[in-house]
J.: 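Quick one: the structure is below, and I'll ask about it shortly.
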Protein chains: 2
Amino acid sequence: MAAKRSGARSKRSPRIGEQQQPVQEPRNEPPLSRERIVATAVELLDAQGLDGLTMRRLADRLGSGVMSLYWHVDNKEDVFDLALDSVLEYRGPPQPIESQAWREKVFHMLEDWRASMLRHPWSASLLPRRALGPNILSRLELLSKILSSAGVADAGLNVAIWSLWNYVMGATITRASFDVSDDDRNAAQQRLTRLSERYPTIERSRLLLDNDWDGAFREGLGLLLDGLSPR
Amino acid sequence: MAAKRSGARSKRSPRIGEQQQPVQEPRNEPPLSRERIVATAVELLDAQGLDGLTMRRLADRLGSGVMSLYWHVDNKEDVFDLALDSVLEYRGPPQPIESQAWREKVFHMLEDWRASMLRHPWSASLLPRRALGPNILSRLELLSKILSSAGVADAGLNVAIWSLWNYVMGATITRASFDVSDDDRNAAQQRLTRLSERYPTIERSRLLLDNDWDGAFREGLGLLLDGLSPR
DNA sequence: ACCTGAACACCGTTCAAGT
DNA sequence: ACCTGAACACCGTTCAAGT
C-alpha cells in the first residue's frame, strides 16, 4: 500500500545478484503537494496512531526526502492541524431534511461529527490541543444557524452551542479513549474487578462495561436538546 | 528552584580557579521515590507543558541520573498516568452539604473537577489518552452514589453519569485548549476576523470571544441536571 | 520553484555494571 | 535494593546547497 523506498529494500535483501537493478522508484510518484501530504498523514495516523506520525516516516511513504516536506508545510504541528481539519468536513444529510425539523438537523450533524472522529480515533485526542480549522468553524456556524432559526434567542445561543459542543466532544473523546488495544482493555478490566469492592456502585451499574455507547450518546443528547429547546 | 547538577554547571563555566570546588550537591536531595518523582513531574508539566516533560529534564530537576527514574517507574507513560491521577484527588466540600441537597453535591464535585483540571491545563489534553486512575474512579463512584440515592433509577444511571462526565470533560478540555499562549490567541483571533464574513452567525454571537466560561459552564450543567432529575 | 543530505541538538530506553 | 553512564535507535529542524 505505502510506497517503499527502493534503497531501503535493497539494503534489507542482500541478494547476490551482481547488478542491483536500480529499480526506478516503484511507481513514479505524483509530485509532492500539500494535499498529498495531508492525505498520507491521515493514512499514517489511522494505521499507527498519534505517535506513529513522524516526519521521517511520512516522507518515506511519500517517496521523498524528509526535508522536502518542509517546502509545503511549516512544521509537524502544521501537519497535525491540517490532518485534523481534513477529517472533519461536513457534507450534510443524504437528502435534505424538511426545514422545520431543526432537531433532526442538529442530531444528524452532531452524530456525523462524532462518527467522523471515531473513524479516526487520533482526532479525538488531538482536537483539544489544536486550533479550530475551517471545517470545525463551518460546523459551529451551521449549528448556530439551525438553533437561531429554531427560535433560540441570541442571549441563550452561546450557552446552547457550547453545551452541545461540550457534550459531543466529551462523549467522543471518552468513547475513543476506551476504544484501545485489547491489551489495555484487559489490563483495565483486571484492575477494575480487583478493585470492585472499592467502587461498588460503579460495579453494580456496570458503568465501565456497558458499551451501548451509541444509544447512550443519543439519549443524553436528547435530554440536552430538551433542556435547550426554546420554550 | 530546580536543583542544578553541579557537573553541568562546572562544565559550563571554565573558570581558571585551580581547584574546582566539587560543590557537593547544592542541597543534599532526599532519596528518590515514586512520590517525589510524580510531584516533580507535575511541577515540570505546570511549568513547561506537555512537551516539556522529558525523562532527562525530570531527572535533572530531581538531581539524579536519568536511568535512576526507571527503578521507581515503568516508563514515561507511567509518569503521565501517575501525574494525571495525582492532580484529580477530591477532598469533598469544605463543610458537609445537608444530605438531601444532591444537586449541590453534584455541582460541587463537578465544579471542583473542572477547577482541578484547569489548574493544570495539561491534564485536560492528557485525560482522553490515559487510563482511569483511582482518583478518577472515586469521583465516578461518588457521583453514582449521589445520583442513585437521589432517586435516579438504576436503568437511567449510566446515561446520567456519562452525560455529566461528557459535559464536564468537553467543557474543561475546550476551556483549557482556548487558554493558550497569547501568540496563539492572537493568531486565532486574526484568522477569525479575516474569515468573519464566512461565519456570520458565529461572528454575530461572538461565540469565540465570549469568555464567561464559568457562567456558561454552570448554566449548561444546570440544564443538564434538569433533564436528568428523577421525575 | 522545488527538492536534497549532512549535521545538530535533542529524545526514550536497553544493557551491563557498580554499590 | 537502588543507582549509574555508555550506547542505540530514533526524533524535528537548520542550513547551505543543488536543480
Side-chain angles (χ1 to χ4, degrees), chain A residues 3 5-8 10-12 22 24-25 27-38 40-41 44-45 47-83 122 126 129-130, chain B residues 2-12 22 24-38 40-41 44-45 47-83 122 126 129-130:
Chain A
R5 292 235 319 311
S6 54
S10 63
K11 195 170 274 171
R12 191 94 60 73
Q24 75 288 2
E25 289 293 291
R27 316 151 178 228
N28 45 353
E29 309 277 357
L32 228 43
S33 72
R34 221 172 147 83
E35 290 72 37
R36 217 160 76 78
I37 291 176
V38 173
T40 308
L44 195 50
L45 285 163
Q48 318 244 31
L50 222 42
D51 291 336
L53 178 59
T54 274
M55 296 306 269
R56 284 169 149 96
R57 274 207 272 258
L58 185 51
D60 235 48
R61 276 210 180 205
L62 288 159
S64 78
V66 203
M67 293 318 298
S68 312
L69 303 179
Y70 286 80
W71 179 261
H72 304 271
V73 131
D74 286 351
N75 49 35
K76 196 184 177 184
E77 302 241 300
D78 200 15
V79 177
F80 274 132
D81 284 342
L82 293 167
W122 47 271
L126 206 50
R129 298 187 286 164
R130 313 272 23 137
Chain B
K4 294 243 168 78
R5 296 231 319 309
S6 54
R9 173 186 285 276
S10 64
K11 195 170 275 172
R12 191 94 62 73
Q24 76 284 3
E25 288 294 292
R27 316 148 177 231
N28 45 355
E29 309 277 357
L32 228 42
S33 72
R34 220 171 148 80
E35 291 71 37
R36 217 160 76 79
I37 291 176
V38 173
T40 308
L44 195 49
L45 285 163
Q48 316 244 31
L50 221 43
D51 291 337
L53 178 59
T54 274
M55 295 306 270
R56 285 169 149 95
R57 274 206 274 257
L58 185 52
D60 234 50
R61 275 211 181 207
L62 288 160
S64 78
V66 202
M67 294 316 299
S68 313
L69 303 180
Y70 285 80
W71 178 260
H72 305 271
V73 130
D74 286 350
N75 48 35
K76 197 184 176 185
E77 303 242 298
D78 200 16
V79 177
F80 275 132
D81 284 342
L82 293 168
W122 47 271
L126 206 50
R129 300 187 285 163
R130 313 271 24 136

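Numbered from 1 within each chain, the chains take letters A, B, ... in sequence-line order.
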J.: Only counting residues at least two apart or in another chain, list the ones meeting side-chain contact (heavy atoms from CB on, under 4.5 Å) with A:Gln48.
T.: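 Per chain and number, A:Gln48 pairs via side-chain contact (heavy atoms from CB on, under 4.5 Å) with A:Leu44, A:Arg57.
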J.: Considering non-hydrogen atoms only, spot the tightest contact between A:Thr40 and A:Arg61 and give its length.
T.: CG2-CB, 3.7 Å
J.: Name the first nucleotide and the last nucleotide along DNA chain C (5' to 3') that come under 4.0 Å of a heavy atom in chain A.
T.: C:dA1 to C:dA7
J.: Given the C1' atoms of C:dC2 and D:dA17, what is the spacing between them in whole Å?
T.: 13 Å
J.: Taking all non-hydrogen atoms of both residues, which atom of B:Tyr70 and which atom of B:Asn75 are closest, and how far apart?
T.: CE2-CA, 4.0 Å
J.: Scan B:Met55 against the nucleic acid and name what it touches under 4.0 Å (heavy atoms): base, sugar-phosphate only, or nothing.
T.: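 Counting heavy atoms under 4.0 Å across all strands, the contact made by B:Met55 is with sugar-phosphate only.
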J.: Quick test of your reading: applying salt bridge (charged side-chain N to carboxylate O under 4.0 Å, His left out), list the pairs with at least one residue in residues 62-79 of chain A, sequence neighbours left out, ordered by first then second residue.
T.: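 Residue pairs with at least one partner in residues 62-79 of chain A: A:Glu77-A:Arg130.
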J.: What pair of heavy atoms forms the shortest contact from A:Pro31 to A:Arg36, and how long is it?
T.: O-NE, 3.3 Å
J.: With nearest nucleotides of DNA chain C determined for A:His72 and A:Arg56 from heavy-atom distances, which residue corresponds to the more 5′ nucleotide?
T.: A:His72
J.: For A:Gly65 and B:Asn75, find the nucleotide of DNA chain C closest to each by heavy atoms; which residue's nucleotide sits nearer the 5' end?
T.: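 First, find each residue's nearest nucleotide; the 5'-ward one identifies A:Gly65.
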J.: Test your reading of the model: is there a side-chain donor-acceptor pair from B:Arg56 to the backbone of B:Val66, 3.5 Å cut-off?
T.: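 Side chain of B:Arg56 to backbone of B:Val66: no pair is present.
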J.: Which string of ( ) [ ] | and . matches DNA chain D, if you list each base 5' to 3' and count Watson-Crick or G-U pairs only when both distances are under 3.5 Å?
T.: ||.|||||...|||||.||
J.: What does A:Ser68 touch in the nucleic acid at a heavy-atom separation under 4.0 angstrom: a base, only the sugar-phosphate, or nothing?
T.: base
J.: Measure the shortest side-chain to side-chain distance between B:Leu69 and B:Leu62 over non-hydrogen atoms and say whether it is less than 4.5 angstrom.
T.: yes
J.: side-chain contact (heavy atoms from CB on, under 4.5 Å) with A:Trp122: which of A:Leu53, A:Asp51, A:Leu50?
T.: A:Leu50
